[in-house]
Amino acid sequence: MLTKRLPDGVEQKANEVRNEAIRKMLRVFHTNTIVFFTSIFVILEFELRKIFHQHSEILFRSLQPILWLLMFGQVISHEIIMNEKIPYIDFLTPGILAQSVLFIAIFNGIAVIWERDMGIVQKFVVAPIPRSAIVLGKGVGSAIRAVSQLIVVYVLAYFLDVNIDWSFFAILGVLLFVILGAILFSTFSLVIACIVKTRERFMGIGQVLTMPLFFASNAIYPIAAMPTWLKTVAHSNPLTYEIDALRAIMLHGTSSTYGLGFDLLFMVFIILILTFIGSVLYPRLAR
Amino acid sequence: MDDLIALECKALTKRFGSLVAVDKLSFSVQKQDIFALIGPNGAGKSTLMKLLTTILPPTEGDAFIENISILKYPAKVREIIGYVPQLISADGSLTGYENLLLFSKLYGIPKNERDKRIQQSLETMGLSTVAHRYVSEYSGGMVRRLEIILAMLHNPKILFLDEPTSGLDPIARKTVWEHLALIHKRDGVTIILTTHDMQEADYLCNKVAIILKGKIVEMGDTEKLKSALGEDATLNDVFIKYAGNSIEADHAYKEIARRRRTESERGS
């Protein structure tokens, strides 16, 4: 501790300087925060306007959950005997919701590569906005697309007599995990796009990655049915935790295996890591 | 540093492995100049452009834009430059107006100024009547003019253009030149462009630098360079003198494929 007292004028001056420095720091922090969030919203607005102009895209996307639930689900549910306490079609519904969200999210990478082949990525990289805002904005854009799948799956589930929890908070919870899932996998897709850089390679790798993500998860069968090595893979797969949460919240009489809090934290943690990697890699796309 | 200088490069170098794309370049550009970097493909023009627009970090050396170092403060540099990439940078699935609106938001232009600025620029560039059409329906020249507005929305101090008229037909090319000259006159912005079109450099630029294998082999006033070679000398003669007849140097297959695809997407 400084015990020697400084002359009054000097101390006052020092205080002023210090306060001014703190004020300046706060101002910079404040401006940066505003820029960060506005940038996310503007990038999101780009995506929203595109969805609005081409709403047929959303319509075609809804075919996938319809096929899985009506064809695969209907047929398999007659044949399969599960150790779970719920009918197979109930078990399958949250899995198919997560799968549709995953497949939509994976398209983010293709869109990013498309924007690279034009010069749009360069334009974004030269703009005075944080790169993490671009990455997250694109993720939230995917989430909006994913919400359309949520509506389709709920409508189907109603007609298939799935034991849905229709309470407001249940739907809100499902929405939250659908949004997190979309942000997570679209950012994952963006990271892959930044690494492979060309459409052809992305198409190949995209397939190779989405199918294992899907099959090494609890989407269409319980993890308990898996061999040990696959269980290990499934337990490090974020899709497993998304589906665990969706299944617990969406249906009546189900509970989470890992705990909703853990599911949430795990996903947020992975999103943060992917956003960080994405922000570092994204500018490389422009080179 | 001199207040009249817009850009100063100091031993700016970029190496990719053993390839030296930009080789210890030191030069400066005065404010309000229209400055052309001319050279064949692979001469290092685009790499230099990417260094100056902070897309690529330099291997060595530094450059200062309005006295701000691209090495130390790339984020600050981005606030005061405008950039029109060689590829299409306007989003084809949105209208021209939407592109302008969203980028003006990204650049933090205040709400009450946005519309006025957009409308004025659309008028200057002759795009008012097509503002609400999808950019994918624009002609190549219209897309370029829109991109110039996009790059100028935030009143940058320097506008960088990478081969602004490559792939355009002669009429569209001329319109883009005229509008660039108009913008230059209106805003007094410093313009730095790359080109391998001598006519373009001759029409637009008061200063040119000939760049070969990452080095500037000659630089100066367009008029002086020409008159030094004789009364009727063209910029093409100047280029041939310093560079040999190499403007049509071998294009890489990838480059050609990419350019053709872009051109067909741009609809020119």
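Letters go in sequence order (proteins before strands), and every chain restarts at 1.
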Engineer: Do other residues, nucleotides or ligands put more than 12 heavy atoms under 6.0 Å from the NZ atom of Lys31(B)?
Structural biologist: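 For Lys31(B), atom NZ is crowded (more than 12 foreign heavy atoms under 6.0 Å).
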
Engineer: Can you establish whether the number of heavy atoms outside Lys213(B) located under 6.0 Å from its atom NZ is more than 12?
Structural biologist: no

Engineer: Please tell me if the side chains of Gln122(A) and Lys50(B) come closer than 4.5 Å, counting only heavy atoms from C-beta onward.
Structural biologist: yes

Engineer: Do other residues, nucleotides or ligands put more than 12 heavy atoms under 6.0 Å from the CZ atom of Phe36(A)?
Structural biologist: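 More than 12 within 6.0 Å, yes.
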
Engineer: Please find the pair of heavy atoms, one from Pro128(A) and one from Tyr107(B), that lie closest to each other, and give the distance.
Structural biologist: CD-CE2, 3.0 Å

Engineer: For atom CZ of Phe16(B), decide whether the heavy atoms of other residues, nucleotides or ligands shown that lie under 6.0 angstrom number more than 12.
Structural biologist: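 Yes - once you tally the heavy atoms of other residues, nucleotides and ligands closer than 6.0 Å, there are more than 12.
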
Engineer: Does any non-hydrogen side-chain atom of Leu106(B) lie less than 4.5 Å from one of Phe46(A)?
Structural biologist: yes

Engineer: Of the backbone (N, CA, C, O) and the side chain (C-beta and beyond), which part of Tyr134(B) lies under 4.5 Å from a heavy atom of chain A, both, or neither?
Structural biologist: side chain

Engineer: Heavy-atom distance under 4.5 Å between the side chains of Ser89(B) and Glu115(A), does that happen here?
Structural biologist: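 Heavy-atom side-chain distance check fails, nothing below 4.5 Å.
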
Engineer: Within the supplied structure, the quantity of interest is the number of heavy atoms (other residues, nucleotides, ligands) at a distance under 6.0 Å from Phe72(A) CZ; does it exceed 12?
Structural biologist: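 Yes.
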
Engineer: Are side-chain heavy atoms of Ile55(B) and Val126(A) found at a separation under 4.5 Å?
Structural biologist: yes

Engineer: Below 4.5 Å from any heavy atom of chain A, which atoms of Lys105(B) appear? Answer side chain, backbone, both or neither.
Structural biologist: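 Lys105(B) touches chain A through backbone and side-chain heavy atoms alike.
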
Engineer: Give a yes or no on whether Glu137(B) atom CD has more than 12 heavy-atom contacts from other residues, nucleotides or ligands under 6.0 Å away.
Structural biologist: yes

Engineer: Answer yes or no for Lys123(A) and Tyr83(B): cation-pi contact, defined as NZ/CZ to six-membered ring centre under 6.0 Å and angle to ring axis within 45°.
Structural biologist: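 No.
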
Engineer: Is it the backbone or the side chain of Leu150(B) that comes under 4.5 Å from a heavy atom of chain A, or both, or neither?
Structural biologist: both

Engineer: Looking at every heavy atom in both Ala127(A) and Arg78(B), which two are closest together, and how far apart are they?
Structural biologist: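 Minimum heavy-atom contact is O-CD, 3.7 Å.
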
Engineer: Is the count of non-hydrogen atoms from other residues, nucleotides or ligands lying under 6.0 Å from Phe107(A) atom CZ greater than 12?
Structural biologist: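 Result for CZ/Phe107(A): open.
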
Engineer: Tell me, with the steps shown, if Asp91(B) and Arg49(A) meet salt bridge (Lys or Arg N to Asp or Glu O under 4.0 Å).
Structural biologist: CA-CA 11 Å; Asp91(B) 199 315; Arg49(A) 283 178 184 262; over 6 Å; no

Engineer: Can you measure from OG (Ser46(B)) to CZ (Arg287(A)) and round to the nearest 0.5 angstrom?
Structural biologist: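 Between Ser46(B) OG and Arg287(A) CZ, I get 15.5 Å after rounding to 0.5 Å.
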
Engineer: Side chain from CB out, backbone as N, CA, C, O: work out which of these in Ala90(B) comes under 4.5 Å of a heavy atom of chain A, or both, or neither.
Structural biologist: backbone

Engineer: Is the NZ atom of Lys197(A) crowded by more than 12 outside heavy atoms at less than 6.0 Å?
Structural biologist: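 Counting other residues, nucleotides and ligands, NZ of Lys197(A) exceeds 12 neighbours.
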
Engineer: Less than 4.5 Å apart, any side-chain heavy atom of Glu98(B) and any of His53(A)?
Structural biologist: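 Contact flag for Glu98(B)/His53(A) side chains = yes.
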
Engineer: I'd like to verify something: which residue of Val42(A), Thr38(A), Val125(A), Val121(A) has the highest number of heavy-atom pairs under 4.5 Å with chain B?
Structural biologist: Val42(A)

Engineer: Please report the closest heavy-atom contact between Pro85(B) and Gly119(A), naming both atoms and the distance.
Structural biologist: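 For Pro85(B) and Gly119(A), the tightest heavy-atom pair comes out as CG-O, 3.9 Å.
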
